[in-house]
There are 2 protein chains.
Amino acid sequence: MLEADLFRTLSDPTRRAVFERLVPREMSVSELKSGFAISQPAISQHLAALRGAGLVCERREGRFAYYRAEPQALAPLVDWVDRYRLFWPERIEKLKRVLEDMEP
Amino acid sequence: MLEADLFRTLSDPTRRAVFERLVPREMSVSELKSGFAISQPAISQHLAALRGAGLVCERREGRFAYYRAEPQALAPLVDWVDRYRLFWPERIEKLKRVLEDMEP
DNA sequence: CTGTCGCATAAGTCGTGGCTTATATTGCGT
DNA sequence: ACGCAATATAAGCCACGACTTATGCGACAG
């Protein structure tokens, strides 16, 4: 049931890009804004939406707000796609290969 | 880049429900309509959107149109979530268990 | 203490999209 | 041939959401 929020939140391309940018490392709002052609309030609104879905979390430090992604919040979305991965044999094979490569 | 179409198409809960209903077995439009509290044109419009994303395909038979889901069209979405699954070790463990249950 | 910076919130605008009703199209039954 | 059934398309309506500008608020510098 929770995948609904994730689909809605991630359906916007800009917001998805914001999330992706916060996966490798945390970033301040102004640093995020550079690289997007939208206003600072727009960024803050996207961050609020992502925060509402648990996809990012903020760390306050003085007047700066540092955001980082929380990939584990993708859980319901992962469960959703996994449910239909079962109807798709070749994809399972590929996944198995990926997993085998990860353990010694 | 193609995951954008999938996110946009699947962001609507009704359309997502239509897709999910067509995964186990094919179904005619009128059979689909029963179970949804929306009009038949609305169903047809959702099917057109899903078809545009390659998520369903239709089979004509007389005046009936039978639709079935094409889970392989989820590929770009699967790739997207897999990219961030790597940042999330516990999820990999769960997946491995699912895969192990599937083969004797 | 005052100005400015970093960010959030408020308010308003505007496009998009999902729904409706109405209509067109094709196929089947009688 | 006629009418109805199954579906698609057209046109219009309305709500939602993404953006803007304007404003508020706390933190640091001078």
Side-chain angles (χ1 to χ4, degrees), chain A residues 1-22 25-70 73 77, chain B residues 1-22 25-70 73 77:
Chain A
M1 209 69 90
L2 286 168
E3 85 265 2
D5 298 323
L6 293 176
F7 270 115
R8 190 175 40 78
T9 303
L10 294 172
S11 64
D12 183 69
T14 302
R15 193 153 49 224
R16 208 164 49 244
V18 167
F19 171 77
E20 294 185 38
R21 247 186 148 222
L22 291 175
R25 62 182 185 87
E26 84 175 2
M27 219 174 289
S28 73
V29 176
S30 48
E31 186 180 3
L32 254 179
K33 178 181 154 20
S34 70
F36 289 98
I38 58 180
S39 65
Q40 171 266 317
I43 297 284
S44 282
Q45 288 161 13
H46 282 307
L47 287 170
L50 290 167
R51 196 180 337 123
L55 285 164
V56 301
C57 68
E58 72 168 343
R59 179 177 65 88
R60 286 288 178 166
E61 189 175 327
R63 35 178 186 171
F64 293 86
Y66 294 98
Y67 283 85
R68 62 177 167 83
E70 300 245 35
L77 183 58
Chain B
M1 213 60 93
L2 284 169
E3 84 265 1
D5 297 323
L6 292 176
F7 270 114
R8 188 174 41 77
T9 303
L10 294 172
S11 64
D12 182 69
T14 303
R15 193 155 48 223
R16 208 166 49 244
V18 167
F19 171 77
E20 295 185 38
R21 252 189 142 219
L22 291 175
R25 63 182 185 86
E26 84 175 1
M27 220 174 289
S28 72
V29 176
S30 47
E31 186 180 1
L32 254 178
K33 178 180 155 21
S34 69
F36 288 99
I38 58 179
S39 65
Q40 169 266 316
I43 297 284
S44 282
Q45 287 162 13
H46 281 307
L47 287 170
L50 289 167
R51 196 180 337 127
L55 286 164
V56 300
C57 68
E58 73 167 342
R59 179 177 65 88
R60 285 290 178 164
E61 188 176 329
R63 35 179 185 171
F64 293 86
Y66 293 98
Y67 282 86
R68 63 178 167 81
E70 300 245 33
L77 183 59

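Please read these numbers as outputs of a predicted model, since none were measured by experiment. Naming convention: chains lettered A, B, ... in sequence-line order (proteins, then strands); numbering from 1 in each chain.
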Phosphate-side-chain proximity, [X] and [N], N/O vs OP1/OP2 below 4.0 Å:
| X | N | answer |
| --- | --- | --- |
| A/Y67 | C/dG6 | no |
| B/S28 | D/dA6 | no |
| A/S39 | D/dT20 | yes |

If you check every side-chain atom of [X], which of [options] has the closest atom?
| X | options | result |
| --- | --- | --- |
| A/H46 | D/dA8, D/dC19, C/dG6 | D/dC19 |
| A/R63 | D/dC19, D/dG26, C/dA8 | D/dG26 |
| A/Q45 | D/dA8, D/dC19, C/dC7 | D/dC19 |
| B/P41 | C/dC19, C/dC7, C/dA22 | C/dA22 |

inquiry  = If you assign A/E61 and A/A37 each to the DNA chain D nucleotide with the nearest heavy atom, which residue ends up on the more 5' nucleotide?
reply    =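 In this pair, the answer is A/A37.
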task = Check whether any side-chain N or O of B/T9 sits under 3.5 Å from a backbone N or O of B/L6 as a donor-acceptor pair, and report yes or no.
result =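 The answer is no, because no donor-acceptor pair under 3.5 Å joins these two groups.
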query = Are the side chain of B/K33 and the backbone of B/I43 linked by a donor-acceptor contact shorter than 3.5 Å?
reply =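 Between the backbone of B/I43 and the side chain of B/K33 there is no qualifying donor-acceptor contact (under 3.5 Å).
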query = Going by modelled atom types, is there a donor-acceptor pair between the base of C/dT20 and the side chain of B/Q40 at under 3.5 Å?
reply =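 No pair found.
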message = Can you measure B/I43 atom CD1 to D/dA5 atom P for me and round it to whole angstrom units?
response =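 So the CD1-P distance, B/I43 to D/dA5, works out to 19 Å.
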inquiry  = Output the rounded distance in Å from CG (A/D12) to P (C/dT16).
reply    =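 Atom CG in A/D12 sits about 13 Å away from atom P in C/dT16.
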message = Heavy atoms only, 4.0 Å cut-off, all strands: where does A/E58 land among base, sugar-phosphate and nothing?
response =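 A/E58: backbone/sugar contact only, no base atoms under 4.0 Å.
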